[in-house]
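The analysis underlying the following values was restricted to heavy atoms, covering all of them including side chains, and did not include hydrogens, waters or symmetry mates. Note that ligands are numbered from 1 as they come in the structure, with each ligand's atoms numbered from 1 the same way. Not measured: the values here are computed from a predicted model. Heads up: numbering here begins at 1 and tracks the sequence.
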Amino acid sequence: MKICRFSYENRSEYGIIEGGMIYPVNGLPYDKIEKDGRCIPLESVRLLAPCEPTKIVAIGKNYAAHAAEMKEGQPEEPLLFLKPNTCVVGHEDEVVYPSLSKRLDYEGELGVVIGKKCRNVTPEQVNDVIFGYTCLNDVTARDIQKGDMQWTRGKGFDTFCPIGPHIETELDASCLKIETRLNGETKQSSFTNMMTHDIAKQICYITQVMTLLPGDVIATGTPEGIGSMQIGDVVEVELEGIGVLRNHIVGD
Ligand code: MG
């Protein structure tokens, strides 16, 4: 099932996408998904980021080939960092190139959307707490990230976490093709089975530390091929079985 969030007649709502139409649902989609009886053409709404996370937990250097291109070793355990929820934008939204930075990078990633409040998740419980999967761009001010002792500034600017276009709830995400394109040219191309720490390991590890809430998002790490973007560029992250997330780089 494809779950989206959209804006229509000045209201933000969740809905199901089916055959070019949106079927709005009552309330949040996490506990039960109940159509409210309306049916709206997809082209007459504006898609929003498909969830409203309280936090984005991201995994650093989770593909060996990416850690190698950064000339850094691979962490033995998942390397966690947070992006604030004020980073989140949706499909076709603008990503703002901050004038504080001289190098703005894309990082195409698989996003995992949590469906249940959870803590200390065991490997057997992992599938039960995952709501679905989406495309994500872990936008990074690389010069600021490298200059600081940690990554809050470099990863935390407003608009630095495009998510979307929707959440796919019925998918085996263990081996999906992932591709990032800049102005139509393929820059990153890999498969999610190349992750060092798989999704189950990530969720167990994160929830030893913090509670995850419905709508929270895990950014599962980026494959090799990272690079910079310029004002005017169009960046796309595509995940097999989910779709294409497209964003536009603008100045601040
Ligand atoms: Mg990343």
Side-chain angles (χ1 to χ4, degrees), residues 49 51 53 55-89 95-98 101 103-114 133-164 173 176-182 186-199 201-203 205-206 210 212 216-229 233 235-239 242 245 247 249:
C51 54
K55 55 189 167 296
I56 299 102
V57 187
I59 317 290
K61 292 181 273 189
N62 198 31
Y63 287 75
H66 169 58
E69 76 181 346
M70 300 297 283
K71 302 192 168 44
E72 291 167 7
Q74 265 220 295
E76 271 181 37
E77 296 290 340
L79 171 62
L80 306 187
F81 64 95
L82 288 174
K83 290 170 85 81
N85 60 2
T86 41
C87 286
V88 173
V89 292
V95 170
V96 178
Y97 195 139
S101 173
R103 178 165 169 169
L104 186 72
D105 281 10
Y106 52 81
E107 289 189 4
E109 306 195 9
L110 171 70
V112 179
V113 182
I114 298 297
Y133 302 93
T134 189
C135 311
L136 183 149
N137 192 341
D138 174 20
V139 177
T140 302
R142 193 70 68 196
D143 52 344
I144 294 176
Q145 180 200 20
K146 287 191 167 161
D148 288 358
M149 289 292 288
Q150 42 75 26
W151 302 353
T152 304
R153 286 203 312 147
K155 298 277 195 177
F157 282 88
D158 288 359
T159 75
F160 271 24
C161 196
I163 301 174
L176 302 176
K177 187 172 203 298
I178 176 168
E179 196 168 279
T180 306
R181 295 182 291 272
L182 190 64
T186 301
K187 297 289 189 179
Q188 294 184 289
S189 184
S190 187
F191 288 87
T192 56
N193 68 340
M194 299 302 286
M195 288 181 196
T196 302
H197 304 294
D198 65 15
I199 293 164
K201 165 87 186 192
Q202 295 173 34
I203 290 177
Y205 191 81
I206 292 165
M210 66 187 82
L212 292 175
D216 281 354
V217 173
I218 301 171
T220 57
T222 200
E224 70 277 18
I226 58 143
S228 60
M229 304 181 286
D233 283 351
V235 61
E236 293 175 315
V237 178
E238 179 165 9
L239 263 297
I242 302 173
L245 167 68
N247 295 96
I249 312 304

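- For the pair Met194 and Glu224, the minimum side-chain heavy-atom distance is 4.5 Å or more.
- A donor-acceptor contact under 3.5 angstrom links the side chains of Ser101 and Asp143, judged on distance only.
- The pair Lys201-Glu77 meets the salt-bridge criterion, since a charged nitrogen lies less than 4.0 angstrom from a carboxylate oxygen.
- Taking the Mg ion (ligand 1) as reference, Asp138 places its N/O/S atom OD2 nearest.
- To the nearest 0.5 Å, the span separating CD1 on Ile249 from CG on Asp233 amounts to 6.5 Å.
- Closest approach between the Mg ion (ligand 1) and any N/O/S atom of Glu107 involves OE1.
- Its N, O or S atom nearest to the Mg ion (ligand 1) is what matters here, and for Glu109 that atom is OE2.
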